[in-house]
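Below, chains carry the letters A, B, ... as their sequence lines are ordered, and counting in each starts from 1. Computed over heavy atoms, backbone and side chain alike; hydrogens, waters and symmetry mates excluded. Computed from a predicted model, the values in this text were never measured in an experiment.
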There are 2 protein chains.
Amino acid sequence: MSTKPARPTIRDVAIRAGVSMTTVSDVVNSKGRVDPATRERVLTAVSDVGWRPRRSARALRSGRTGVFAMCLPLGHVGVGDWLTNAEYDMALVAACAAATVDSDRQLLVAPRPTDVRDLARLDVDGVIIADPREGDQALTVLNNAGVPAVTIDRDIQRTDGWWVETDNTGSTLQVLDHLTAQGAKRIALVTADAPWAWFEDTSAAYARWCAEHDVKPQVRLIDVERPRATAAAGVRSLLRLKNPPDAIFAIPYGTPLGALDAITESGLSVPGDLLLAGGMDGQMLQVSSPPITAVDLRPIEMARAAVDLLARRVSGEKAVGPVVIQTELRVRESTSRR
Amino acid sequence: MSTKPARPTIRDVAIRAGVSMTTVSDVVNSKGRVDPATRERVLTAVSDVGWRPRRSARALRSGRTGVFAMCLPLGHVGVGDWLTNAEYDMALVAACAAATVDSDRQLLVAPRPTDVRDLARLDVDGVIIADPREGDQALTVLNNAGVPAVTIDRDIQRTDGWWVETDNTGSTLQVLDHLTAQGAKRIALVTADAPWAWFEDTSAAYARWCAEHDVKPQVRLIDVERPRATAAAGVRSLLRLKNPPDAIFAIPYGTPLGALDAITESGLSVPGDLLLAGGMDGQMLQVSSPPITAVDLRPIEMARAAVDLLARRVSGEKAVGPVVIQTELRVRESTSRR
DNA sequence: CTCCTTTGACGAAACCTTTCGGCAAGGCTA
DNA sequence: TAGCCTTGCCGAAAGGTTTCGTCAAAGGAG
């Protein structure tokens with residue numbers, strides 16, 4: 001006549017182990033003082049009974065939910081271009097999910113909060129923001145509400161040290177040096193002037209490198225909403241110069257293909273007449289003809305580092321400055337002159 | 001000397017509105033009976049005070065967490081090929097997130113549970129499983145634990161009606177008819193024999209169509225781990241036949257490009273000598289040369305439908321059979337013979 | 001005028017875990 | 001032996017919401 005097939009609680013464990021609920025709690029949370037023998041007894045009781053603490057009860061009492069939220073720039077769901085960075089974003093999400101689970105937390109994906117009400121609904125311990133825009137609205141909201149946040153890529157207006165970024169300067173120099181080593185003399189840059197650290201750092205590094213190497217900088221800006229078409233237009237204008245570039249470094253995803261369009265159109269070839277490199281690797285660059293050399297931004301490493309950093313921030317540690325991830329250059333046919 | 005900058009609770013709302021906490025709760029949950037005037041008073045009190053119910057407290061009492069989990073096939077994070085369907089998966093995640101938020105829930109992304117312990121950690125109201133494998137382990141675990149689940153795409157061993165699927169048969173026929181209309185006489189199929197409904201349905205529809213149209217079926221199977229390379233090999237073997245096909249329908253993502261490789265290699269052209277269509281649309285098919293006609297599997301619609309279905313299952317409704325989403329054929333240059 | 005039903009609202013218990021202060025027993029010091 | 005500290009454990013309160021049963025007042029029927 002037993003009417004208790006219900007999910008076990010900490011009380012069941014306590015009874016089974018012959019201790020108090022407090023002691024069980026202390027054991028599973030590694031708090032307080034408890035005799036090793038007792039600890040052992042409790043742990044076996046836990047697994048015998050098959051108990052898992054309710055996240056909600058724990059959260060209610062402790063004030064910590066054990067949940068991180070990840071805010072992606074999902075604004076354009078459904079609109080044509082919005083998947084341009086799908087690969088990168090998906091890698092971020094997947095890796096964040098894996099990392100949060102490893103730390104016994106959960107990862108929530110959410111549209112970016114623009115308003116305190118959205119935020120309150122979130123009810124999480126911390127937030128990871130991918131690709132923050134300059135002075136990101138969401139970030140302000142979170143700061144005001146006292147919700148710990150870290151960003152993946154740096155918000156250029158921020159200086160608090162709570163973010164993860166790639167070594168944009170280093171990767172730019174690496175690309176420029178590589179192109180030079182392959183014989184390029186006049187390297188042009190295709191980028192955007194959107195307020196993202198990625199673009200700013202790259203442009204700055206390029207300018208400095210040009211100055212140091214006594215090369216005349218040639219830059220073309222594209223419209224991030226239509227990367228391929230506007231990149232093609234930009235490169236066309238470069239090719240019409242009296243002294244056209246012999247190599248192109250195209251940053252935003254999609255622009256290397258636009259560059260390739262323009263070059264092919266002009267009857268020139270890659271890598272024969274021009275070298276071509278991309279700033280963000282992805283399938284499309286791997287399968288184009290020729291395959292295009294590009295910078296691997298290491299999204300998986302970025303994500304893991306971000307989760308780690310957020311965990312530290314949530315637990316009250318002081319900021320130690322941003323985490324910098326080294327990128328890797330994937331050399332392919334488009335820059336292999338022989 | 002006010003020491004209460006704390007987050008407001010339902011009690012604060014109750015006091016402000018001059019009613020009991022019970023009444024506030026009834027109002028916000030549309031339960032019980034409450035006078036329209038009172039309801040109004042409570043609602044303004046809620047927004048005056050700026051109160052949002054704690055998810056954890058609500059969950060603790062009601063037993064419902066307001067969270068759905070989404071399990072993706074994230075097994076291969078980090079391994080080379082794993083991002084093949086990144087675009088599709090990302091669209092699923094994004095759309096699921098949007099849809100759950102719309103229904104005032106949250107979406108959690110998680111690795112697929114393989115074991116009851118993983119599952120207990122989940123602590124969610126329901127689970128969405130994308131791309132279930134035949135007799136998916138996770139599904140068994142969930143069923144045994146009594147956790148409501150729906151799948152995106154059908155688990156071919158299941159018959160309970162709780163899933164969302166695309167009209168694979170319809171889309172196959174649409175492609176075959178389209179190719180025929182463009183002049184194809186001998187259409188070959190490149191697919192995989194992995195135990196997924198997508199492949200099974202397509203193969204079956206193809207076989208039936210061939211029988212009805214008195215066409216000799218020609219099928220090549222690929223290795224899903226290396227779609228492009230094995231598809232190229234398969235198509236090479238087709239082209240060596242004494243009576244080679246004049247059109248190819250390549251299903252898994254990546255295979256149309258492999259087919260294109262093999263065709264180009266043989267000195268033939270698309271769409272001049274052969275027509276080519278893909279079973280799953282994506283950027284790589286849009287930007288290849290020529291752009292390749294493909295089936296848009298409507299991930300966004302699938303996701304929204306899945307969330308909707310799960311909500312119904314969670315609230316105890318009876319299954320009404322699977323939800324079928326109509327696909328759309330994106331016609332491009334690769335099948336445009338003129 | 002009485003009795004019954006409906007309406008509108010409420011008090012208190014329950015949900016499950018963590019936290020806080022306390023307490024008994026044993027060991028050590030002087 | 002007295003006093004103090006450490007160890008190991010526990011009781012009870014607290015955290016915010018929903019649920020259950022109750023109840024007074026108003027309305028309707030006879």
Students should find that the nucleotides of DNA chain D closing off the region near chain A, any atom under 4.0 angstrom from a heavy atom, are D/dT7 to D/dG16
Whole-Å distance, A/Asp12 CG to C/dC15 C1', equals 14 Å
note: A/Arg54, atom CZ; C/dC16, atom P; distance rounded to Å ~ 5 Å
Taking [X] for its side chain and [Y] for its backbone only, find out whether a donor-acceptor pair lies under 3.5 Å.
X: A/Thr151; Y: A/Arg154; answer: no
X: B/Asp125; Y: B/Gly66; answer: yes
X: B/Gln106; Y: B/Thr100; answer: no
X: A/Thr38; Y: A/Val34; answer: no

Under a 4.0 Å threshold between the charged nitrogen and the carboxylate oxygen, would A/Arg7 count as salt-bridged to B/Asp123? yes
Pair B/Arg304 + B/Asp102, salt bridge at N-O below 4.0 Å:
yes
Applying salt bridge (Lys or Arg N to Asp or Glu O under 4.0 Å) to A/Arg158 and not counting sequence neighbours gives A/Asp160
To the nearest 10 degrees, the angle between the two end axes of the helix from C/dC1-D/dG30 to C/dA30-D/dT1 (five pairs per end) comes to 40°
Walking DNA chain C from its 5' end, the first of A/Arg64 and B/Leu60 to be reached, judged by nearest nucleotide, is B/Leu60
Flag for B/Ser25-B/Thr22: side-chain donor and acceptor within less than 3.5 Å: no
Residue pairs passing the salt bridge (charged side-chain N to carboxylate O under 4.0 Å, His left out) test with at least one member in residues 13-34 of chain A, sequence neighbours excluded, are A/Arg16-A/Asp48
Residues 308-318 of chain A vs salt bridge (charged side-chain N to carboxylate O under 4.0 Å, His left out), sequence neighbours excluded, gives A/Asp308-A/Arg312, A/Arg312-A/Glu317
The contact string for nucleotides 6-13 of chain C, one letter per nucleotide 5' to 3', using protein heavy atoms under 4.0 Å with B, S and - for base, sugar-phosphate only and none, comes out as -BBSBBBB
